[in-house]
Amino acid sequence: MIQPQSVGIVVPQRARFTDPLPLKSGERLDDYELVYETYGSLNAARDNAVLVCHALSGSHHVAGVYANDPASTGWWDNLVGPGKPLDTRKFFVIGVNNLGGCYGSSGPNAINPATGKRWGADFPFVTVEDWVNAQARLIDRLGIERLAAVIGGSLGGMQALSWTLQYPERVRHAAVIASAPKLTAQNIAFNEVARQAILSDPDFHGGHYYEHGVVPARGLKLARMVGHITYLSDDAMAEKFGRSLRHGKTLYSFDVEFEIESYLRYQGDKFAGYFDANTYLLTTKALDYYDPAFEHGGNLSAALARATAEFLVVSFTTDWRFSPARSREIVYALLHNRRPVSYAEIDCAAGHDSFLLDDPQYHAVLGAWFDRIEVRP
Amino acid sequence: MSYRYDYDVIAQWIAPGEKVLDLGCGDGSLLRHLMQVRQVLGWGVENDPEKLLACVKNGVNALQIDLERGLAGFENGFFDHVIMSLSLQAMHNTQGILAEMLRVGREAVVSFPNFGYWRHRQSILNGRMPVSESLPHQWFDTPNVRFFTIADFEALCEMNGIEVRERLAFDQGKLILEEPNFLASVAVYRLGRR
């Protein structure tokens, strides 16, 4: 057996588009850039491309490392590589940073070509559908007519699903992982708390904080802390931290006492140090807005009638933010439309974040499913 | 796997191109067979992760759902046939799942090992629980939770308003016409709503 390996040193690439992109909000982007990475080789038949869509804080950097930073392993490196479930010896894998992101694609912290200044709060609202439209243009640019597969977890799963509805003829397979056909009110509520934390930070300056030489780090930290709680399961948190006290006793203070507090503050600070607050705001709104059934009177089956792909839907038992029941809604709607669909409910303790981990059953199912996808030499 | 002959019986009852749901589909080999010989549009239901994985490897669409919780989410009358091959004896919610099968399917196909089979009776007479080709497990590691005979099953159908449209009984692949409750080790039924 070939040992799973890394795709090795990777280099991000940049594509500029000057054909205006109409957005769902009614606005449009006249000129935009997407940063992307690719792994493996596009075959002669150009039928082995797999697009990986990222979640809330993800990026184009899916696998491998950067030459100047050995710690810069891609966020789905355990999945993508030679001998891994998404095998780069067979597939040409594409990772792309979404519009509105903060890793080099056009977004709030990038320069607005029209003004020469950073976009800030002027960057338009972007939706899952807009992302897919932008990705489709990148796929055009790469000379790919039809994707062998599109895959994503969480918000990435929404993009994968949306691909099958917006461009049914361009997607052969879709893997929708730890996702949902739309957020619940509770989910939107968490997102709103996160946004309010950012919007109410005195350093936010209406989204134009770049010009003030500050970042709303406190708000972004709080937003991440709230989010982080919801990505873990109670069990995972209990196992990792329990009620462990840092000083071995209670101090009756608001300093860090419980280990979970320390962990959340650390994660929050770390995140606030590299992520952009405006991107967080835009991306959580994109999550909230996604609802393909809305235009069909809430009927998801009717909404998915356009899809012609073969599907894999995966959920995780302890994921309470995108629970298995939400994945089953997608499964039943696909079934109604007679779509080929497999559904795995992975018994993994880690909550929503399970989709990033390398649970053996999860990766075995993904590997077997990708094995099934036929590509020409 | 044994009892492939029940696959042939089931295939005879399935028309080409039907929508089929196979409950407790195992590694998906029955569905694969039906896809090949009847070009069915098939989905399996399997709660065992290893078997689900085997289905994916087999090119069979399988859904990981716990049958004990019924088939909520599946639409009434969506499937032409809902199959449960050699799994009914492993279900706790026997009556519930039979009702669900006939809710989501036009017809149900059920096969099960017959505990009234003469060799099983002989085994019990000799003081030991039966272990055979159709009941391959020891009493302490069997997945089976219901122990019933052809006569028991037909009484249950009668009681629950389930119409037996066809029954075929077998012993080691041979069709048994006389005294099936005594001479057959496996029975296959085509069921409908009365």
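Because the structure is a prediction, the values reported are computed rather than measured. Just so we're on the same page: letters track the sequence lines, and every chain starts at 1.
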Worksheet item: In terms of heavy-atom pairs under 4.5 Å with chain A, which of B/G73, B/G44, B/G42 leads?
Response: B/G73
Response to the item:
Looking only at heavy atoms, the pair that brings B/N61 and A/R372 closest together is OD1-NH2, 3.6 Å
Are [X] and [Y] packed together at the side-chain level, in the sense that at least one heavy-atom pair is separated by less than 4.5 angstrom?
X	Y	value
A/R339	B/W43	no
B/F79	A/L335	yes
A/D371	B/K57	no

Around [X], counting heavy atoms of other residues, nucleotides and ligands shown, do more than 12 lie under 6.0 Å from its [atom1]?
X	atom1	value
B/R128	CZ	no
A/E169	CD	yes
A/E145	CD	no
A/E239	CD	no
B/R121	CZ	yes
A/K90	NZ	yes
B/E163	CD	yes

Supply the atom-to-atom distance [X] [atom1] to [Y] [atom2], rounded to the nearest 0.5 angstrom.
X	Y	atom1	atom2	answer
B/E75	A/H336	CD	NE2	5.0 Å
A/Y332	B/I65	OH	CD1	3.5 Å
A/E345	B/L52	CD	CG	10.5 Å
A/S327	B/L63	OG	CG	12.0 Å

Discussion item. At a 4.5 Å cut-off on heavy atoms, which part of B/A54 comes close to chain A: side chain, backbone, both, or neither?
Written reply: neither
Practice prompt. Measure B/F78 against the heavy atoms of chain A and call it side chain, backbone, both or neither at under 4.5 Å.
Written response: side chain
Response to the item:
The interface call for A/V341 against chain B, heavy-atom contacts under 4.5 Å, is both
Discussion item. So for A/R328, is it side chain, backbone, both, or neither that comes closer than 4.5 Å to the heavy atoms of chain B?
Written reply: side chain
